[in-house]
Amino acid sequence: MNKIKQIFTGVLVLMQIVQLNAQTIINGFSMPESVVSDGKRFFVSNQGQDVINKDGDGFISEIAKDGKLIALKFAPITGVLNAPKGLTIENNVLYVADLDRIVGFDINNRKTVFELTIPDAHLLNDICKVKSGLIAVTETTSGNIYEIDIRTKSYHVIGNVPTVNGISYNSAIDQLAICTSGATLGEGAVYLKSGSGEFQKLPNIPNGFFDGIEWMDDNRLLLSDWATFPTKSFGKLWIYHLKNQQPELLLTEESMADLFYDRATQKIYLPQMFKNRIVITDKKELEIRHMDQYNRLYQYGVADAFVGGLYKGVLPLKEVKLKGDFGLGAPDMLDGELTILDGNVYQTKATGKTIEPENGFKTPMSFVTFFKADTTLKIGTPISENALLKLINGLLSNKNSVYAIKISGVFEHVKTRAFPPIEKKPFPPITTIFDRQHFFTYSETKGTLVGFYFPEYLNGINSKGFHFHFLSVDKQQGGHVLDFRGKTLKIELAEQKNFELEIPQDDAFRNFTFETKRNEALERVEQGQ
């Protein structure tokens with residue numbers, strides 16, 4: 001609770017509508033959290049400057065479908081709202097979750113027609129219509145999900161999932177979807193409840209700080225993901241496909257709160273709390289904007305310093321995930337290898353065990369990208385590492401570019417290694433501990449090689465040539481790849497458009513002495529000789 005209080009701030013500014021390409025941006029709200037519509041009218045909840053306490057500065061706005069302001073303060077006309085969050089409409093009544101109570105307003109005359117306090121609640125969050133006369137609401141601090149009978153003002157708990165946040169019901173298939181924030185605002189997940197069953201966690205969704213969730217249709221869920229707190233200039237939207245249990249990622253300009261999806265127009269209404277505005281857009285527009293974020297390589301740390309003994313982790317994995325969903329890295333104080341695939345980070349330890357370290361775990365060196373292939377090739381016959389790398393080398397249209405490379409399929413043989421943990425200073429250069437490497441051999445396994453090609457001129461900043469880590473489908477096998485032989489493979493290449501190098505700012509890096517590298521031609525140019 002205290003952490004949330006420290007995070008949230010807001011300022012109320014004048015209302016303004018801005019049209020940017022296919023996006024409409026409506027400015028002037030006060031920490032907007034949620035948008036809802038009955039198909040004709042649209043409402044926005046404003047939490048006010050304090051989103052956690054009973055300060056009476058919350059209100060509901062009404063906007064038109066195209067974003068025009070109808071009423072900045074539609075409700076309440078009597079009484080107060082403190083920090084209104086989730087909204088839903090049932091039988092012309094607008095219900096809002098307001099910390100420890102549910103308040104309902106008649107949308108035709110704006111009068112307060114319903115109020116129910118839940119004594120054990122502190123942070124009622126999102127709300128949705130379930131069935132006629134029934135609504136459901138999440139309570140984030142306890143994890144309770146309440147079902148409320150609005151006719152009798154009675155309620156009961158239908159589930160408990162820690163840090164539960166967004167909620168959405170699909171009446172056509174009788175399924176209730178929820179998403180969570182995570183214990184430290186970043187380890188959230190998504191759950192589905194069918195009929196009277198229990199909430200089941202959905203697979204293959206990278207951890208996030210999930211806020212809103214909406215049904216796009218009977219097969220797709222739309223989720224808003226803050227990505228991190230405080231915000232880092234962008235957020236994420238996930239479209240989860242239930243049939244193949246795979247997520248689709250779209251980056252947004254700014255982190256979003258409890259979104260709304262209009263099935264009739266296919267427009268997405270996105271509250272930007274910290275910018276006090278609503279963005280109205282659609283999937284196509286987001287895809288166009290998102291394309292610019294793909295295949296931009298981000299690297300933290302310098303290879304020469306790392307192999308020279310700078311193994312102490314500095315950058316949290318939570319920050320790494322903001323820069324890409326595909327890549328490689330080194331664990332804090334070694335103890336194995338890091339592999340980033342589909343937005344999740346895996347550590348294959350010196351014991352051979354592969355785990356998912358927490359978001360606070362730190363890395364001394366990592367390089368990641370948001371991967372989108374521009375060249376794809378399939379091979380159905382057995383092929384050795386040397387033969388495959390020779391083939392890939394011939395596919396590189398620019399030998400002086402960086403390429404992200406994903407090789408997935410069935411492997412007859414994979415040999416990997418992992419370095420042991422280093423515990424005491426002075427930390428030895430990595431070349432002096434080769435005799436302490438642990439080796440692993442896997443046969444007839446399915447998995448993915450996550451790797452990169454770096455050109456000669458980046459050697460030292462990274463490692464020239466090809467570099468791969470392996471991760472099995474069951475996420476149990478992994479490590480730095482030394483040799484492999486595949487037999488049914490899909491090769492995907494993604495040329496990187498840009499390369500961002502973040503230089504560590506810790507004392508160890510500041511005081512590290514790099515070996516002098518002579519470049520006679522550059523020296524002559526500088527000296528004019």
Participant: Near Glu500 CD, under 6.0 Å, is it more than 12 heavy atoms from other residues, nucleotides or ligands?
Facilitator: yes
Participant: Sub-3.5 Å donor-acceptor pair from the side chain of Thr138 to the main-chain atoms of Asp126, do we have one?
Facilitator: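 A pair under 3.5 Å: yes.
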Participant: For a ring pair (Phe, Tyr, Trp, His ring centres under 6.0 Å) check, start with the C-alpha distance between Phe74 and Phe43, then their side-chain angles and the critical distance, and finish with the verdict.
Facilitator: CA-CA 9 Å; Phe74 170 83; Phe43 300 94; 5.0 Å; yes
Participant: Within this structure, what is the CD-OG distance for the pair Gln272 and Ser224, rounded to the nearest 0.5 Å?
Facilitator: 11.5 Å
Participant: Going by distance alone, is a donor N or O of one side chain under 3.5 Å from an acceptor N or O of the other, for Ser45 and Ser34?
Facilitator: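 No, no side-chain donor-acceptor pair sits under 3.5 Å.
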Participant: Check the angle between the aromatic planes of Phe470 and Phe411 and answer parallel, tilted or perpendicular using the 30° and 60° thresholds.
Facilitator: perpendicular
Participant: Please find the pair of heavy atoms, one from Met31 and one from Gly48, that lie closest to each other, and give the distance.
Facilitator: CG-O, 3.2 Å
Participant: Does one side chain, of Asn165 or Ser181, offer a donor that lies under 3.5 Å from an acceptor on the other?
Facilitator: yes
Participant: If we count only N and O atoms by modelled type, under 3.5 Å, do the side chains of Lys321 and Asn359 hold a donor and an acceptor together?
Facilitator: yes
Participant: Look at the side chain of Ser37 and the backbone N and O of Phe42, then say whether any donor-acceptor pair between them is shorter than 3.5 Å.
Facilitator: no
Participant: Starting from the C-alpha separation in whole Å, work towards a yes-or-no answer on side-chain contact (heavy atoms from CB on, under 4.5 Å) for Tyr95 and Ile148.
Facilitator: CA-CA 11 Å; Tyr95 294 92; Ile148 300 171; over 6 Å; no
Participant: Ring pair (Phe, Tyr, Trp, His ring centres under 6.0 Å) for Tyr146 and Tyr155? Distances and angles first, verdict last.
Facilitator: CA-CA 6 Å; Tyr146 295 96; Tyr155 60 89; 5.7 Å; yes
Participant: Give the C-alpha distance, both sets of side-chain angles, the deciding distance and a yes or no for salt bridge (charged side-chain N to carboxylate O under 4.0 Å, His left out) between Asp282 and Lys284.
Facilitator: CA-CA 6 Å; Asp282 56 35; Lys284 183 178 180 180; over 6 Å; no
Participant: Yes or no on side-chain contact (heavy atoms from CB on, under 4.5 Å) for Leu471 and Gln477, after CA distance, side-chain angles and deciding distance?
Facilitator: CA-CA 6 Å; Leu471 185 67; Gln477 304 167 344; over 6 Å; no
Participant: Between the side chain of Lys475 and the main-chain N/O of Val473, is any donor-acceptor distance below 3.5 Å?
Facilitator: yes
Participant: Locate the shortest heavy-atom distance separating Ile167 from Ile127; write the atom from each residue and the value.
Facilitator: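 Closest heavy-atom pair between Ile167 and Ile127: CG2-N, 3.7 Å.
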Participant: With a 3.5 Å cut-off and no angle check, do the side chains of Glu115 and Thr112 form a donor-acceptor pair?
Facilitator: no
Participant: For Ser142 and Asp120, does a side-chain donor sit closer than 3.5 Å to a side-chain acceptor?
Facilitator: no
Participant: List the atom of Lys318, the atom of Thr184, and the distance in Å for their closest heavy-atom pair.
Facilitator: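 The pair with the smallest heavy-atom distance is NZ-O, 3.1 Å.
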Participant: Apply salt bridge (charged side-chain N to carboxylate O under 4.0 Å, His left out) to the pair Lys54 and Asp98, showing each step before the final yes or no.
Facilitator: CA-CA 9 Å; Lys54 297 180 179 181; Asp98 188 26; over 6 Å; no
Participant: So, applying side-chain hydrogen bond (donor to acceptor under 3.5 Å, both in side chains) with Tyr298, which one of Glu502, Glu319, Gln496, Lys323 is it?
Facilitator: Glu502
Participant: Identify the heavy atoms of Val137 and Asn125 that sit nearest to each other, and give their distance.
Facilitator: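 Distance-wise, the nearest heavy atoms are CG2-N, 4.4 Å.
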Participant: What are the two closest non-hydrogen atoms of Ile213 and Leu259, and how far apart are they?
Facilitator: N-CD2, 3.7 Å
Participant: So, Thr348 side chain and Gly352 main chain: donor-acceptor pair closer than 3.5 Å or not?
Facilitator: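 The answer is no, because no donor-acceptor pair under 3.5 Å joins these two groups.
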Participant: So does Gly86 get a backbone contact from the side chain of Asp258, meaning a donor-acceptor N/O pair under 3.5 Å?
Facilitator: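 The answer is no, because no donor-acceptor pair under 3.5 Å joins these two groups.
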Participant: Please walk me through it: do Lys85 and Glu33 pass salt bridge (charged side-chain N to carboxylate O under 4.0 Å, His left out)?
Facilitator: CA-CA 5 Å; Lys85 299 184 181 352; Glu33 164 67 15; over 6 Å; no
Participant: Go through it in stages, so that I can follow the logic: the residues are Trp226 and Phe274, the test is ring pair (Phe, Tyr, Trp, His ring centres under 6.0 Å), and I'd like the CA-CA distance, side-chain angles, deciding distance and then a yes or no.
Facilitator: CA-CA 11 Å; Trp226 285 87; Phe274 290 111; 5.6 Å; yes
Participant: With rounding to the nearest 0.5 Å, note down the distance linking CD1 in Ile178 to CD1 in Ile145.
Facilitator: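 Ile178 CD1 to Ile145 CD1: 4.0 Å, rounded to 0.5 Å.
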Participant: Please check: side-chain N/O of Asp225 versus main-chain N/O of Phe209, any donor-acceptor pairing under 3.5 Å?
Facilitator: yes
Participant: Tell me if a side-chain donor or acceptor on Thr180 pairs with a main-chain N or O of Ala189 at a distance below 3.5 Å.
Facilitator: yes
Participant: Ignoring hydrogens, what is the shortest heavy-atom contact between Ser408 and Thr448? Give both atom names and the distance.
Facilitator: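 What the structure gives for the nearest pair is CB-OG1, 3.7 Å.
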Participant: To the nearest 0.5 Å, how far apart are NZ in Lys267 and OH in Tyr261?
Facilitator: 10.5 Å
Participant: Could you tell me whether Glu495 atom CD has more than 12 heavy atoms of other residues or ligands within 6.0 Å of it?
Facilitator: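 Yes, because the 6.0 Å sphere around CD of Glu495 holds more than 12 heavy atoms from other groups.
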Participant: Tell me whether Asp335 is salt-bridged to Lys349, with the criterion being a basic N under 4.0 Å from an acidic carboxylate O.
Facilitator: yes
Participant: Is the shortest side-chain N to carboxylate O distance from Asp106 to Lys111 below 4.0 Å?
Facilitator: no
Participant: How long is the span from the CG atom in Asp332 to the CG atom in Leu315, to the nearest 0.5 Å?
Facilitator: 11.5 Å
Participant: Is the shortest side-chain N to carboxylate O distance from Lys40 to Asp38 below 4.0 Å?
Facilitator: no
Participant: Could you tell me the separation between the CG atom of Asn170 and the SG atom of Cys128, rounded to the nearest 0.5 Å?
Facilitator: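 Asn170 CG to Cys128 SG: 10.5 Å, rounded to 0.5 Å.
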Participant: Taking it one step at a time, do Tyr300 and Val314 satisfy side-chain contact (heavy atoms from CB on, under 4.5 Å)?
Facilitator: CA-CA 9 Å; Tyr300 179 85; Val314 178; 3.1 Å; yes
Participant: Can you check whether Ala121's main-chain N or O pairs, donor with acceptor, with Arg101's side chain at less than 3.5 Å?
Facilitator: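 No, because the side chain of Arg101 does not come within donor-acceptor range (under 3.5 Å) of the backbone of Ala121.
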Participant: Measure the spacing between CG of Leu338 and CG of Leu328 and express it to the nearest 0.5 Å.
Facilitator: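 Taking CG in Leu338 and CG in Leu328, the distance rounds to 9.0 Å.
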Participant: Under a plain distance cut-off of 3.5 Å, with no hydrogens placed, do Gln175 and Ser194 share a side-chain donor-acceptor pair?
Facilitator: yes
Participant: Does Asp149 reach the main-chain N or O of Leu134 with its side chain, forming a donor-acceptor pair under 3.5 Å?
Facilitator: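 No; judged by distance alone, with no hydrogens or angles, the pair does not exist.
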Participant: Are the side chain of Ser61 and the backbone of Leu72 linked by a donor-acceptor contact shorter than 3.5 Å?
Facilitator: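 Indeed, once roles are kept as given, a pair shorter than 3.5 Å links the two residues.
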Participant: Using only heavy-atom distances, determine whether the side chains of Asp174 and Tyr169 contain a donor-acceptor pair under 3.5 Å.
Facilitator: yes
Participant: Walk me through it: do Val368 and Phe326 pass the test side-chain contact (heavy atoms from CB on, under 4.5 Å)?
Facilitator: CA-CA 5 Å; Val368 293; Phe326 177 98; over 6 Å; no
Participant: Please indicate whether Glu198 has more than 12 foreign heavy atoms, meaning atoms of other residues, nucleotides or ligands, lying under 6.0 Å from its CD.
Facilitator: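 Open: at most 12 neighbouring heavy atoms sit under 6.0 Å from CD of Glu198.
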Participant: Assess whether ring pair (Phe, Tyr, Trp, His ring centres under 6.0 Å) is satisfied between Tyr191 and Phe199, documenting all intermediate values.
Facilitator: CA-CA 6 Å; Tyr191 297 78; Phe199 284 100; 7.3 Å; no
Participant: Hey, which of Lys283, Arg220, Lys236 is the one that makes salt bridge (Lys or Arg N to Asp or Glu O under 4.0 Å) with Glu248?
Facilitator: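 Only match with Glu248 under salt bridge (Lys or Arg N to Asp or Glu O under 4.0 Å): Lys283.
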Participant: Have Thr141 and Glu139 got a donor and an acceptor in their side chains that come within less than 3.5 Å?
Facilitator: yes
Participant: Quick one: does NZ or CZ of Lys153 land under 6.0 Å from the six-membered ring centre of Phe114, within 45 degrees of the ring axis?
Facilitator: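 Lys153 over Phe114 ring: yes.
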